[in-house]
Amino acid sequence: MKSADLALRCAAAGLAAAVLAFGGTYQAQSEDAPPITVVDFGAKGDGKTDDTKAFQSAIAEAKQRGEEAVYVPAGQYLLKDTIALDGVSLTGVYFGAWPADNDKLPAIVAGQKEKPVITLQNGTVSGLNISFPHTSKVSYTQYKEAIRIVGNNGRVENVKISSPTSGIKTIGENIRGTHIENVFMTTPHVIGVFLNDNIGETVVKNVEMWTPTQVSGSPFPVSGIGVKMLNNENVILSDVFVFNAAKGFVFEEYSGKGTKAVMTNCSADMTAVGVYVKDEHDIQITGGTYWTHTNGLLVDGGTSTVRVEGAEMRANGDAAFKVNGGKEVTATGCLFRRVMDGREMPTVMITSSARKATVEGCIISARYEDGAASGQTAAVVCYGPEESFVFRSNVINATNKRGLYPENPENTTMSNNIISTF
């Protein structure tokens with residue numbers, strides 16, 4: 001057996017497992033049947049020839065034969081139209097590597113700006129590098145997304161997406177079975193992952209969005225979003241990392257439906273805001289680090305329920321943990337730091353727009369070492385939630401010997417807190 005055929009058969013075995021994992025059916029070819037590849041239908045993979053028709057023909061053949069997968073060998077494939085996957089999967093080097101900028105994945109190059117590169121439902125995209133050849137700063141925002149999930153059971157895994165305007169979006173109504181795993185996005189410019197109107201369980205796991213600080217002209221640090229969620233029933237995010245964006249994770253609604261989400265070991269670095277919450281949601285944040293310019297967490301109005309456990313949040317220019325709204329916001333066992341000197345900002349701020357807030361068993365650190373800020377601002381400031389603020393069993397380290405804002409409201413409960421200097 002040729003090595004290329006062996007590799008494709010290994011890919012088929014992996015793909016079969018993936019298809020079965022989310023409830024699909026897999027019809028294997030006979031041992032002697034060659035795999036369906038885009039090269040068999042005329043794809044050149046030279047980065048110059050338009051290979052769209054070859055991809056479309058291979059996909060049509062797979063559907064006609066009842067096959068689950070079309071394979072993409074090594075090469076660079078220029079596509080000038082959308083590839084629609086419905087009941088057919090597209091896979092390259094299934095076990096290919098995609099660390100940093102050194103990968104061995106077959107590349108799909110976006111050759112047009114008007115449509116997404118791939119639309120997906122009832123199938124998998126895996127083992128590919130989808131890249132965008134931006135020629136100017138203006139073109140950063142002109143491309144459509146790399147992958148648009150338009151129906152149920154869309155799965156994206158072991159994929160690299162290079163310099164997209166937007167990486168992956170779900171666009172449709174009541175989409176089920178979305179699964180995004182092992183995805184590395186280099187230099188996204190507008191949004192990394194956008195989840196809209198998903199029902200059932202939606203999984204986003206081990207996804208990284210990285211825009212280097214030396215990239216000139218990208219709007220991502222100014223207005224970009226790592227993961228944005230609208231109107232989702234049950235989102236599970238784990239080990240998702242956003243670097244150098246305006247906002248890391250955004251929960252912002254306009255229809256009033258809200259999103260229920262669990263975030264485990266997710267992180268944001270070099271973002272203005274780590275987690276931004278507005279309107280009505282139910283969010284659990286466990287673990288992770290959020291190192292930000294402004295806020296680690298900002299609850300900005302609305303009636304959300306937010307629970308934060310065991311997370312580290314640090315900020316330079318504003319409160320690391322800022323509750324400016326919400327129905328009930330709780331922080332337990334967290335480390336909150338405001339690290340920049342000379343700013344008259346607390347580390348934890350609870351405003352009168354909040355309804356209920358609890359901070360318990362946390363370490364809260366604030367530095368005030370120079371300028372007018374020294375001695376002026378407490379580490380924790382509470383302006384009076386509507387119903388209650390419980391502040392219990394916390395340790396406050398502050399250079400100015402000031403722990404809590406001195407005019408605490410009557411509905412604040414404080415007990416077993418330690419205030420120390422360092």
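On a predicted model such as this, the values are computed, not experimentally measured, just so you know. Counting from 1, the numbers follow the sequence of the chain as shown.
- Within the 4.5 Å cutoff, no side-chain heavy atoms of V150 are placed close to those of I171.
- Remark: E233 CD to L195 CG distance equals 13.5 Å, nearest 0.5 Å.
- Residue C334 holds its SG atom at 6.5 Å from CE of M313, rounded to the nearest 0.5 Å.
- For S126 and N158, the side-chain atoms include no donor-acceptor pair closer than 3.5 Å.
- Counted by atom type alone, Q121 and T119 present zero donor-acceptor pairs between their side chains at under 3.5 Å.
- Using a 4.5 Å heavy-atom cutoff, the side chains of I36 and R65 are in contact.
- The only member of T330, V323, L297 that meets side chain to side chain contact (heavy atoms under 4.5 Å, CB included) when paired with V306 is L297.
- Residues M229 and L237 have side chains in contact (heavy-atom distance under 4.5 Å, counting atoms from C-beta outward).
- Taking OG1 from T186 and NZ from K160, the interatomic distance works out to 5.0 Å, rounded to the nearest 0.5 Å.
- Residues L105 and L128 are not in side-chain contact: their nearest non-hydrogen atoms beyond the backbone lie 4.5 Å or more apart.
- How far NZ of K257 is from CG of N196: 8.5 Å, rounded to the nearest 0.5 Å.
- Using modelled atom types and a 3.5 Å distance limit, the side chains of T351 and N324 yield a donor-acceptor pair.
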Q) Given I191 and K169, is the side-chain contact (heavy atoms from CB on, under 4.5 Å) satisfied, shown in steps? A) CA-CA 9 Å; I191 193 166; K169 290 185 177 182; 4.0 Å; yes

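- Looking at R155 and V125, their side chains never come closer than 4.5 Å, going by heavy atoms from C-beta outward.
- Closest approach of G333 and C362 over heavy atoms only: N-SG, 3.7 Å.
- The shortest side-chain heavy-atom distance between T358 and K356 does not fall under the 4.5 Å cut-off.
- In this structure, CZ on R307 lies 8.0 Å from CD on E309, to the nearest 0.5 angstrom.
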**Q.** Verdict with supporting geometry, D81 and K115, side-chain contact (heavy atoms from CB on, under 4.5 Å)
**A.** CA-CA 7 Å; D81 201 356; K115 304 175 184 178; 3.1 Å; yes

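- Looking at E312 and R314, a side-chain N of the basic residue comes within less than 4.0 Å of a carboxylate O on the acidic one, giving a salt bridge.
- In terms of heavy atoms, G167 sits closest to E145 at O-CB, 3.9 Å.
- To the nearest 0.5 angstrom, I59 atom CD1 is 14.0 Å from E67 atom CD.
- In this pair, H189 and Y140 present their aromatic rings parallel. The plane angle is below 30°, not in the 30 to 60° band.
- Residue pairs meeting the side-chain hydrogen bond (donor to acceptor under 3.5 Å, both in side chains) criterion with at least one partner in residues 237-251, sequence neighbours excluded, are absent.
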Q: Could you give me the CA-CA distance, side-chain angles and deciding distance for E280 and E253, then say whether side-chain contact (heavy atoms from CB on, under 4.5 Å) is met?
A: CA-CA 7 Å; E280 185 175 358; E253 310 292 349; over 6 Å; no

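- In this structure R337 satisfies the salt bridge (Lys or Arg N to Asp or Glu O under 4.0 Å) test with no other residue, sequence neighbours excluded.
- The environment of NZ in K113 is crowded: more than 12 heavy-atom neighbours from other residues, nucleotides or ligands sit within 6.0 Å.
- Across every non-hydrogen atom of V38 and P73, the tightest pair is CG2-CD, 4.0 Å.
- Y276 has its side chain within reach of E252: a pair of non-hydrogen atoms, C-beta onward, lies under 4.5 Å apart.
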Q: Show the numbers, then the answer: is there a side-chain contact (heavy atoms from CB on, under 4.5 Å) between F251 and K228?
A: CA-CA 6 Å; F251 298 84; K228 185 172 183 178; over 6 Å; no

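- The two residues G127 and V159 have their closest heavy-atom pair at N-CG2, 4.1 Å.
- Using modelled atom types, one finds a donor on one side chain and an acceptor on the other under 3.5 Å when comparing N198 with N232.
- Note: F249 and Y290 have perpendicular aromatic rings, judged against thresholds of 30 and 60 degrees for the angle between ring planes.
- When side chains are defined from C-beta on, I396 counts as touching F391, because their heavy atoms get closer than 4.5 Å.
- The shortest heavy-atom contact between D51 and K44 is OD1-N, 2.9 Å.
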(Q) Would D269 and T289 count as a side chain to side chain donor-acceptor pair (under 3.5 Å) here? Give the steps. (A) CA-CA 8 Å; D269 191 5; T289 59; over 6 Å; no

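- Aromatic ring centroids of F55 and Y77 lie under 6.0 Å apart.
- The two residues K327 and T305 come nearest to each other via the heavy atoms CD-OG1, 4.2 Å.
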